[in-house]
Amino acid sequence: MASAFNERLQAQLDARRAARLYRERREVQSPQGTLLRVDGRELLNFCGNDYLGLANDPRVKQACIAGIEAYGTGSGASHLVCGHGAAHEELEQALAKFTGRSRALVYSSGFMANVGVLTALLGPRDAVFEDRLNHASLLDGGLYSGARFKRYAHLDTTVLERLLEQDQSGGERLVVSDGVFSMDGDVAPLAELMNVCERRRALLMIDDAHGFGCLGSDGGGLARQVQEQGTHVDEDRLPILLGTLGKAFGTAGAFVAGSEALIETLIQFSRPYIYSTAPPPALASATLRSLDIVRGEPWRREHLRALITRFRRECLALGFTLTDSATPIQGLLLGGEQAALDASARLQEHGLLVSAIRPPTVPPGTARLRLTFSALHTSAELDRLLDALATLRPSLEEPAHG
Ligand SMILES: *Cc1c(COP(=O)(O)O)cnc(C)c1O
């Protein structure tokens with residue numbers, strides 16, 4: 001029995017390897033930072049999501065240690081039994097204030113939060129409308145909910161509006177989009193999305209996992225940035241706002257921010273929230289400290305912006321094609337899967353860690369290098385990246401010249 005089972009699994013694994021889609025994990029032996037010790041070798045890191053460089057910040061670590069001293073390691077139970085601690089409560093209040101929402105609710109991960117929100121709010125009589133390039137957890141949450149599932153072309157609010165117009169059912173209608181798209185680094189047309197939702201009477205949910213910390217003058221994310229550009233944003237026009245804590249905040253977990261009724265609904269009906277052990281209270285202590293730093297050290301965002309501007313200018317001058325992104329996620333398009341893998345391997349020979357992203361994570365024909373920047377990258381480190389990319393370019397062009 002078991003051996004036949006293992007043979008079926010092995011055949012599937014072999015097919016994946018043959019399709020060049022096999023994934024392998026690297027072993028990281030140092031804390032996160034611009035230099036990473038990976039499989040015994042020190043590499044310059046351009047693939048993490050620690051955008052503000054807080055994952056190994058001494059102040060955040062100290063707050064975590066103090067949290068452990070005060071509360072121990074484990075939360076002991078789910079939030080609704082006896083695992084909801086004072087630090088969780090304080091963090092939720094701070095996140096509500098930061099996002100300008102009535103309340104916030106902390107989940108153990110962004111994946112759980114997305115599945116937890118979509119399945120709590122939607123059922124088979126409802127409809128969900130998602131950008132084609134939304135994060136896997138949003139697509140899966142929409143599917144698990146049993147709601148009618150419609151995808152619209154990336155960023156295309158005209159197609160979205162037509163889908164909403166055609167949908168004549170009576171139930172809830174929820175439009176869902178990433179704030180900053182995780183593979184391209186481009187941003188949702190938030191002002192337009194809010195207008196379409198208002199006109200077509202739909203609710204809007206934005207997952208700003210990569211926007212919080214990076215966008216807006218205080219790191220308040222895409223909603224803050226759009227507000228600062230003069231568009232009115234509030235809890236009515238953008239009722240469901242989600243952020244994660246494992247990226248720019250440098251800790252772990254996620255939060256949903258919105259109205260009193262929304263948060264109470266999630267506490268009552270969101271199964272991934274209810275039936276999971278609360279995250280360690282010390283993690284909430286750490287995140288409270290990192291939230292202070294996110295808001296209080298705008299130089300991190302300014303430095304990132306300068307790195308990104310220079311990277312784009314020099315990369316375009318080298319003749320590369322980049323995704324349309326002003327965020328720390330930069331896609332360098334190479335087209336073929338093998339070209340992306342080769343480029344990543346060549347950069348690694350130069351001591352650089354840059355991930356190759358292939359279909360099905362991105363659409364066919366758009367295999368790429370996905371580069372990410374951190375506020376801790378120095379301009380000398382950016383020099384090293386640009387020098388390595390310059391050596392890469394001619395050899396990538398060889399096949400085209402025959
Ligand atoms: C990373 C990410 C998530 C998942 O968050 P985790 O806390 O890592 O589970 C959800 N949505 C988007 C857009 C993300 O980039």
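All of these numbers come straight from a predicted model, not from anything done at the bench. Atoms within a ligand are numbered from 1 in the order they appear, just like the ligands themselves.
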Under 4.0 Å from any heavy atom of [X], which atoms of ligand 1 are there?
X    : value
T244 : 5 (O)
D178 : 13 (C)
H210 : 14 (C), 15 (O)
N114 : 10 (C), 11 (N)

Query raised in the report: Would you call S137 a ligand 1 contact, heavy-atom distance under 4.0 Å?
Result: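 Under 4.0 Å: yes for S137.
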
Report task. For K247 and ligand 1, answer yes if some heavy atom of the residue is under 4.0 Å from a ligand atom, otherwise no. Result -> yes

**Report entry** Top protein contact for atom 4 (C) of ligand 1, by heavy-atom distance
**Finding:**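 Heavy-atom neighbour on the protein nearest atom 4 (C) of ligand 1: F111 N, 3.6 Å.
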
Report task. Can you pull out the closest protein heavy atom to atom 6 (P) of ligand 1? Residue, atom name and distance to 0.1 Å, please. Result -> G110 N, 3.2 Å

Please output the side-chain donor-acceptor pairs of residues 81-88 that fall under 3.5 Å, not counting sequence neighbours, one pair per line with the distance.
from : atom 1 : to   : atom 2 : distance (Å)
H84  : ND1    : H79  : ND1    : 2.9
H84  : NE2    : E89  : OE1    : 2.7
H88  : ND1    : G85  : N      : 2.9
H88  : NE2    : P279 : O      : 2.8

Requested in this report: Compare N134, L138, D207 and give the one whose heavy atom is closest to atom 10 (C) of ligand 1.
Outcome: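 Nearest option to atom 10 (C) of ligand 1, by heavy atoms: D207.
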
Query - Distance-only side-chain donor-acceptor flag, S102 / E235, under 3.5 Å - result: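 Their side chains do contain a donor-acceptor pair, which is all the 3.5 Å distance test asks for.
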
Report task. Kindly determine whether E161 and R200 satisfy salt bridge (Lys or Arg N to Asp or Glu O under 4.0 Å), including the steps that lead there. Result -> CA-CA 7 Å; E161 185 150 24; R200 300 293 164 196; 2.9 Å; yes

Requested in this report: Start with the C-alpha gap between D184 and R368, add the side-chain angles, then the distance that decides, and say whether salt bridge (Lys or Arg N to Asp or Glu O under 4.0 Å) holds.
Outcome: CA-CA 10 Å; D184 291 62; R368 66 192 64 185; 3.2 Å; yes

Report task. Quick one: look at A209 and ligand 1, take heavy-atom pairs under 4.0 Å, and tell me if it's side chain, backbone, both or neither. Result -> side chain

Report task. Measure M112 to ligand 1 on non-hydrogen atoms and call it side chain, backbone, both or neither using the 4.0 Å cut-off. Result ->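 For M112, no heavy atom sits under 4.0 Å from ligand 1.
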
**Report entry** Cation-aromatic face contact R16/Y22, 6.0 Å, 45 degrees
**Finding:**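 No, R16 and Y22 do not form such a contact.
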
Query raised in the report: Got more than 12 heavy atoms from elsewhere within 6.0 Å of CZ, R199?
Result: yes

Report task. Would you list the pairs meeting ring-ring contact (aromatic ring centres under 6.0 Å, His included) in which at least one residue belongs to residues 32-60, sequence neighbours left out? Result -> F46-F373, F46-H377, Y51-H210

Query raised in the report: So, F181 versus H154, ring centres under 6.0 angstrom or not?
Result: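 Yes, ring centres under 6.0 Å apart.
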
